[in-house]
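Sequential numbering from 1 along the given sequence is applied to the chain's residues. Read the numbers this way: they start at 1 and go in the same order the structure lists the ligands and their atoms.
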Amino acid sequence: MTALITLTGVNKYYADYHALRDINLTINEGEFFSLLGPSGCGKTTLLRTIAGFEMPSDGVVMIGGKDMAGVPANLRPTNMVFQSYAIFPHLTVAENVAFGLRKSKEIDKQTKAKMVAEALAMVGLDGYGKRAAHALSGGQRQRVALARALILKPKVLLLDEPLSALDKKMREQMQVELIRLQRQVGITFILVTHDQEEALVMSDRIAVMFEGEIGQLADPETLYRRPNSRRVAQFIGKMNMLDATVEVVDEVIDLTVRGLGSMQIEREQAPEGGQVGSAVVGIRPETLGILFEGETTERKLVDGVVDEVVYYGDMTYYDVRIEGVEQPLNIAMKNLIGRPVLEVGAKTQVIWDERSLVLLP
Ligand code: ATP
């Protein structure tokens, strides 16, 4: 893997407001990289700093081995696709895409037409060139914006919430298309999103940001299975949290978890290492289970009472109270054939497995 973008000690202040705090980050060539975090955490500021629309207050941004200090946005090997489609409604699709070439005066008309056609084919808009841009659907407009950004074959495509204006179905379709497109063109994509599912689906790696800082940077599976803090665990998907006391940290970790009792877990289940004393363990809802009548399990069981039932068609989410724990456990169950949907108040047994726990500071 070759590093394409390196940020070292980047800080950004807006007057007194510290919007980026000591960001150190490397993004590789050909990588699909996402900046994920709640509103106001600084992800757009970070993207704009890479693009050259914002200058860091201190620190270094390198792209392709060159220091970007003083290099304006239009001279950087990056191109940005914005949240709002930002296409010109009074122009045709082809004219909109050709707008991406406006600074390349030396390209002749014929070559331009060919480049536009290629860019449109890339985003699945073959033959749409003559259409009026205002007559397109939201998804099609976003494709035009993409084609316009891709036509100059930038090294890096910066995407600021590009799908947020689309409805759920269209968004999911565009997610798949963006992944395909990124693989096809092989350039680095940097996506800003506050949608954790979108980041998990699309990215090679994700930086999760809170209050101007990177909380964790990892591939989607590591972020989901081994979050390094409570805030990452709770921002990405649902996570049950149980109080625990860590007794021994050695080759394995001995601990007692409230409601579940004493157990041993592996060191790798503690992304931050683990320390003797009080801690919290996280358990994902789908790694817990309910033992239905007629089913058996080799895993461990604890008695519980159903507190809440939410039926989703393919899944049912249960809240189940277990003894000694204030918050009910959230449990996600597939609605398999023959499985009833339990009612509130039903006595049941919760299946759990210490291998699915993550120990959090
Ligand atoms: P969102 O998802 O809501 O767009 P974000 O994570 O992209 O949020 P930023 O837009 O990077 O967040 O903003 C980070 C913080 O910096 C916010 O508190 C914002 O109010 C502040 N901020 C952003 N731009 C400016 C500016 N030009 N002047 C002053 N403050 C700013």
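- Of all non-hydrogen atoms in Asn96 and Arg148, the two that sit nearest each other are O-CD, 2.9 Å.
- Judged purely by distance below 3.5 Å, without hydrogens or angles, the side chains of Thr45 and Tyr14 pair a donor atom with an acceptor atom.
- For ligand 1, the atoms closer than 4.0 angstrom to any heavy atom of Tyr17 are 15 (C), 16 (O), 18 (O).
- Of the candidates Leu47, Thr44, Leu20, the one placing a heavy atom closest to atom 4 (O) of ligand 1 is Thr44.
- A salt bridge is absent between Arg21 and Glu211; no separation between the charged side-chain nitrogens and carboxylate oxygens falls under 4.0 Å.
- Annotation: Ala19 places no N or O atom under 3.5 Å from an N or O atom of ligand 1; distance criterion only.
- Counting heavy atoms closer than 4.0 Å to ligand 1, residue Ala15 contributes nothing at all.
- Considering backbone and side-chain atoms together, Glu54 places no N or O closer than 3.5 Å to any N or O of ligand 1.
- Considering Pro38, Gly40, Gly37 only, the shortest heavy-atom separation from atom 5 (P) of ligand 1 involves Gly40.
- Look at Lys169 and Asp167 and you find no salt bridge, because none of the NZ, NE, NH1 or NH2 atoms lies under 4.0 Å from a carboxylate O.
- If you check the side chains of Thr222 and Asp219, you find a donor sitting under 3.5 Å from an acceptor.
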